[in-house]
Amino acid sequence: MKSKKFWKILLALVCFGMGGIAANYSVLTVEAKTSMTTFPKKMQGTWYQFDKSSNRIEKQKITAKKWIFYNHGKKETGYLHAEPVSGPAYPKHEKKKENWIYISGGPIKARGRMWIGVVGWYQISGMASYNVSKLKGHWVLTNAGGSGLWGSNHWYRSAKLAKKLRNKRYAHFVY
């Protein structure tokens with residue numbers, strides 16, 4: 001009888017200990033994911049897209065710490081910083097941080113692809129998600145929005161390719 005009790009207690013302690021180890025492991029995993037302070041190398045470079053509404057080629061450039069893009073012809077730059085520590089209230093607005101962006105939470109896997117979420121420093125909700133994949137022999141930067149990664153939009157390494165593949169749709173993206 002005492003032997004059964006001993007084994008039950010031992011089993012409970014082992015299970016409790018394993019639960020503690022698993023909990024610590026998940027905390028470490030989350031911490032590793034939230035420390036992205038540079039854009040992945042595959043994302044870096046110049047990307048082009050054909051904008052059907054304006055009938056023009058759009059361009060953006062991503063470096064390790066900057067995202068340079070054009071908004072209605074005006075050049076804008078987003079400066080990548082570490083994800084802010086959550087606070088009890090909306091952060092105090094500072095002019096120098098207006099163009100700051102961060103990668104929210106690290107890469108996530110959805111529909112068989114790895115995505116990162118990019119958020120503006122003072123953005124209250126939502127994010128733009130980005131993925132780089134080799135599709136039909138070409139490197140493609142895809143952006144999508146919302147929790148369902150809707151409205152996939154593709155960018156290519158050359159303006160010529162962007163114009164040629166402007167109507168191209170790929171499997172496993174939502175348009």
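Annotation: the span from W139 atom CH2 to S133 atom OG amounts to 7.5 Å, rounded to 0.5 Å. With values rounded to the nearest 0.5 angstrom, H172 atom NE2 is found 12.0 Å from S152 atom OG. The distance from the CD atom of Q49 to the CD atom of Q60 is 8.0 Å, given to the nearest 0.5 Å. Note: S129 OG to I108 CD1 = 5.5 Å, rounded to the nearest 0.5 Å. For the atom pair NZ (K41) and CD1 (I62), the distance works out to 13.5 Å, reported to the nearest 0.5 Å.
Distance alone, capped at 3.5 Å, places no donor-acceptor pair between the D51 side chain and the R56 backbone.
Inter-residue side-chain proximity for N153 and Y175 is flagged as unmet; no heavy-atom pair is nearer than 4.5 Å. Looking at heavy atoms from C-beta onward, Y79 lies out of side-chain contact with K96 at the 4.5 angstrom threshold. Counting only heavy atoms from C-beta outward, the side chains of F50 and N167 never approach each other to under 4.5 Å. Residues K163 and I57 meet the side-chain proximity criterion, which asks for heavy atoms closer than 4.5 Å. Two residues are said to be in side-chain contact when any heavy atoms from C-beta on lie closer than 4.5 Å; V118 and L80 fail this criterion. Looking only at side-chain heavy atoms (C-beta outward), K61 and Q44 stay at 4.5 Å or farther from each other.
The minimum heavy-atom distance between I103 and E83, with the atom names listed, is O-OE1, 3.6 Å. Across L149 and A110, no two heavy atoms sit closer than the pair CD1-CB, 3.5 Å. Nearest heavy-atom pair, I116 versus P107, reported as atom, atom and distance to 0.1 Å: CG2-CA, 4.1 Å. Closest of all the heavy-atom pairs between F69 and G78 is CE2-N, 4.3 Å. Between K42 and R157 the shortest heavy-atom distance is O-NH2, 3.0 Å. In this structure, M36 and G106 approach most closely via the heavy-atom pair SD-CA, 3.7 Å.
K74 forms no cation-pi arrangement with Y70, by the criterion of a distance under 6.0 Å to the ring centre and an angle within 45° of the ring axis.
Within a 6.0 Å sphere centred on NZ of K97, heavy atoms belonging to other residues, nucleotides or ligands number more than 12.
The hydrophobic cluster analysis finds I68 isolated: no Ile, Leu, Val, Met, Phe, Trp or Tyr side chain comes under 4.5 Å of it, directly or through other members. Through chains of ILVMFWY side-chain contacts below 4.5 Å, W150 is grouped with V174.
Evaluation of the ring-ring contact (aromatic ring centres under 6.0 Å, His included) rule for Y48 yields no partner, not counting sequence neighbours. Scored by the side chain to side chain donor-acceptor pair (under 3.5 Å) test, N99 finds no partners at all (sequence neighbours excluded). The ring-ring contact (aromatic ring centres under 6.0 Å, His included) check on Y130 picks up W67, with sequence neighbours excluded. Evaluation of the side chain to side chain donor-acceptor pair (under 3.5 Å) rule for T142 yields H154 as partners, not counting sequence neighbours.
Checked against the 6.0 Å centroid criterion, the rings of Y156 and H138 do not qualify as a close aromatic pair. Aromatic ring centroids of W155 and W47 lie 6.0 Å or more apart.
Hydrophobic clustering (ILVMFWY, side-chain heavy atoms < 4.5 Å, transitive): L165 and L135 are in one cluster.
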- Message: Set out, in order, the CA-CA distance, both residues' side-chain angles and the distance that settles side-chain contact (heavy atoms from CB on, under 4.5 Å) for H81 and K65, then state yes or no.
- Response: CA-CA 8 Å; H81 287 270; K65 298 258 184 198; over 6 Å; no

